[in-house]
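Take a look at the structure below.
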Protein chains: 2
Amino acid sequence: MDARHPSSDPSPWMPFASRRRARDEKREAVLRTAVQLFLEQGYHRATLNGVAERLNITKPALYNYFRSKDEILFECWALGQERVEDCIAEIDAGNGTGLSKLRKLIQGYALGMASDFGASLVRFNSHDLTEANQKIARAGKRRIDQAFRNYVSEGVKDGSIKPCDVKLTTFAIVGSLNWIGHWFKHDGALSAEAIASQFSVQLTDGLAKTRAAKKITKKKA
Amino acid sequence: MDARHPSSDPSPWMPFASRRRARDEKREAVLRTAVQLFLEQGYHRATLNGVAERLNITKPALYNYFRSKDEILFECWALGQERVEDCIAEIDAGNGTGLSKLRKLIQGYALGMASDFGASLVRFNSHDLTEANQKIARAGKRRIDQAFRNYVSEGVKDGSIKPCDVKLTTFAIVGSLNWIGHWFKHDGALSAEAIASQFSVQLTDGLAKTRAAKKITKKKA
DNA sequence: CCCGTATATTACCCACGAGTAATAAGAAGT
DNA sequence: ACTTCTTATTACTCGTGGGTAATATACGGG
């Protein structure tokens, strides 16, 4: 069925490695199922029995992979967070104007929000995490917010974005994007990609300092 | 202290009325305390014992005013909803371009979001309501969303707003506004009014079809 | 002054679901 | 085949908190 047990491979670690991989796959399967159920029914209404049932196992089996329900919640959150942070890292590695970076981040973040793990960043209540994990989550949120703000103010500096209140502008953009996590449906009329590219244009529409926009500003001034 | 017991009033219904009013005030006090606690700790972490404690009463006393915890939640939601719907009614009663109506709604909605009851529209999980109340909440959300869409498409028709994807534009605006409910703090640097007026301008900035904007559109075309 | 109603309290119930033994089954290695 | 480690199951505990029954107290009206 698959190449998970390549008996032809003589390496004595291979069987071990393959078992580890199977384990990780199961862990991921749990997370995927859990996040779906959490999103469908809400974290508290969703029970671990329910999660287990969907996986055709029983609740205690889950405890081979996770220590507690809130740990599952946290790891769902973490996967969504990771994806966004990877996106930020990629943007930071490249170059471009503040505006182009901002657009990339908007696009990446929008795509994230259209996924289950991404939506968990905004659909779950941070109070359901342990105190320690709440701190981690807050720090993560901060880093993302900071990235947005950095790109905006960078854009203002390099002239690609017209002067604006960085904080409020960021809030407005992030808000629009977060909302995707609440209304997006995979079976809807709009694909995630379409939304992402639309938003990356639309949300920066009034922000870009084009030649034409410059003219207007000067006219007004 | 107050005129709640006007013994000078001969009307036999007056005492009754005054007691009703006291009752309603207590009901409201419960809701105010409850919504605060729900927002602080999350609906599930917050207990009715906790709510009662803050009011210097005990849990069963709450059941003189509400049938269940989720009824309290619902009424908090309803108060926030009502406020927005009042705003919509007011706008619909007056006249103006689609753009000016949209700006009024943005302003009103932003102000709402900066209040506890308004924030409850977006901070609480609809799954914590009864099936019946979920339907009511969904219908309410729909009405608000529809108002936004109506004003936008009205604006496009009357020429105050430049042609755009009504649905996505609305989502973007509503998203920005809803996000206020998550980050606004009463003791923060920005007042609710400042945010509301800022957003009413900023969110419609790229939307308004000014003469200058018209020129750009024609240039591009 | 007494009665009836509204409103509060104390003391309880109990459903629910997270988490935990105790234990069985299955595969890997020898 | 025997052992061992992993992974799963059955059957259970138990804390929590929403909700209730019985009851006390305050207050306005006759």
Side-chain angles (χ1 to χ4, degrees), chain A residues 1 4-30 33-34 37-38 41-74 127-130, chain B residues 4-30 33-34 37-38 41-75 127-130:
Chain A
M1 196 180 173
R4 217 180 292 160
H5 301 285
S7 51
S8 60
D9 194 325
S11 166
W13 289 280
M14 197 48 192
F16 174 77
S18 93
R19 283 181 55 192
R20 292 291 303 186
R21 198 171 137 227
R23 184 181 170 82
D24 288 351
E25 274 168 12
K26 284 175 191 167
R27 250 185 87 96
E28 274 182 44
V30 171
T33 306
L37 211 68
F38 292 170
Q41 315 185 335
Y43 176 68
H44 282 94
R45 266 183 88 84
T47 69
L48 291 188
N49 278 319
V51 173
E53 198 174 352
R54 284 210 184 173
L55 292 162
N56 297 315
I57 54 175
T58 58
K59 179 177 59 173
L62 297 173
Y63 285 83
N64 279 315
Y65 305 100
F66 301 95
R67 263 197 279 277
S68 64
K69 191 185 183 187
D70 64 75
E71 184 181 282
I72 295 177
L73 182 69
F74 176 70
H127 292 107
D128 294 328
L129 299 172
T130 62
Chain B
R4 215 180 292 163
H5 302 283
S7 53
S8 60
D9 193 324
S11 164
W13 289 281
M14 197 48 191
F16 174 77
S18 92
R19 283 182 54 192
R20 292 291 300 185
R21 198 170 139 227
R23 184 181 171 81
D24 289 350
E25 275 168 12
K26 285 177 191 167
R27 251 186 85 96
E28 275 181 43
V30 171
T33 306
L37 213 67
F38 292 171
Q41 314 185 337
Y43 176 68
H44 282 94
R45 266 183 88 85
T47 70
L48 291 187
N49 278 319
V51 173
E53 198 173 352
R54 284 210 184 174
L55 292 161
N56 297 316
I57 56 175
T58 56
K59 179 178 61 176
L62 296 173
Y63 284 82
N64 279 315
Y65 305 99
F66 301 95
R67 262 197 280 278
S68 63
K69 191 186 182 187
D70 63 76
E71 185 181 282
I72 295 177
L73 183 68
F74 176 71
E75 300 228 5
H127 292 108
D128 293 328
L129 300 172
T130 62

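Residue numbers begin at 1 in each chain, while the letters A, B, ... track the order of the sequences.
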Identify, with sequence neighbours excluded, every residue that meets salt bridge (charged side-chain N to carboxylate O under 4.0 Å, His left out) alongside R54(B). E40(B)

Restricting to side-chain hydrogen bond (donor to acceptor under 3.5 Å, both in side chains), what partner residues turn up for T58(B), sequence neighbours left out? none

What is the distance, rounded to the nearest whole Å, between atom CZ of F66(B) and atom C1' of dT7(C)? 15 Å

Got a sec, which residues hit side-chain contact (heavy atoms from CB on, under 4.5 Å) with K26(B), two or more places apart in sequence or on another chain? Y65(B)

By side-chain hydrogen bond (donor to acceptor under 3.5 Å, both in side chains) - contacts of T47(B) (at least two apart): none

How would you summarise protein contacts on nucleotides 4-19 of chain D per nucleotide, using B for base, S for sugar-phosphate only and - for none, with heavy-atom distances below 4.0 Å? --SSBBBB-----SBB

What residues form a salt bridge (charged side-chain N to carboxylate O under 4.0 Å, His left out) with E71(A), not counting sequence neighbours? R67(A)

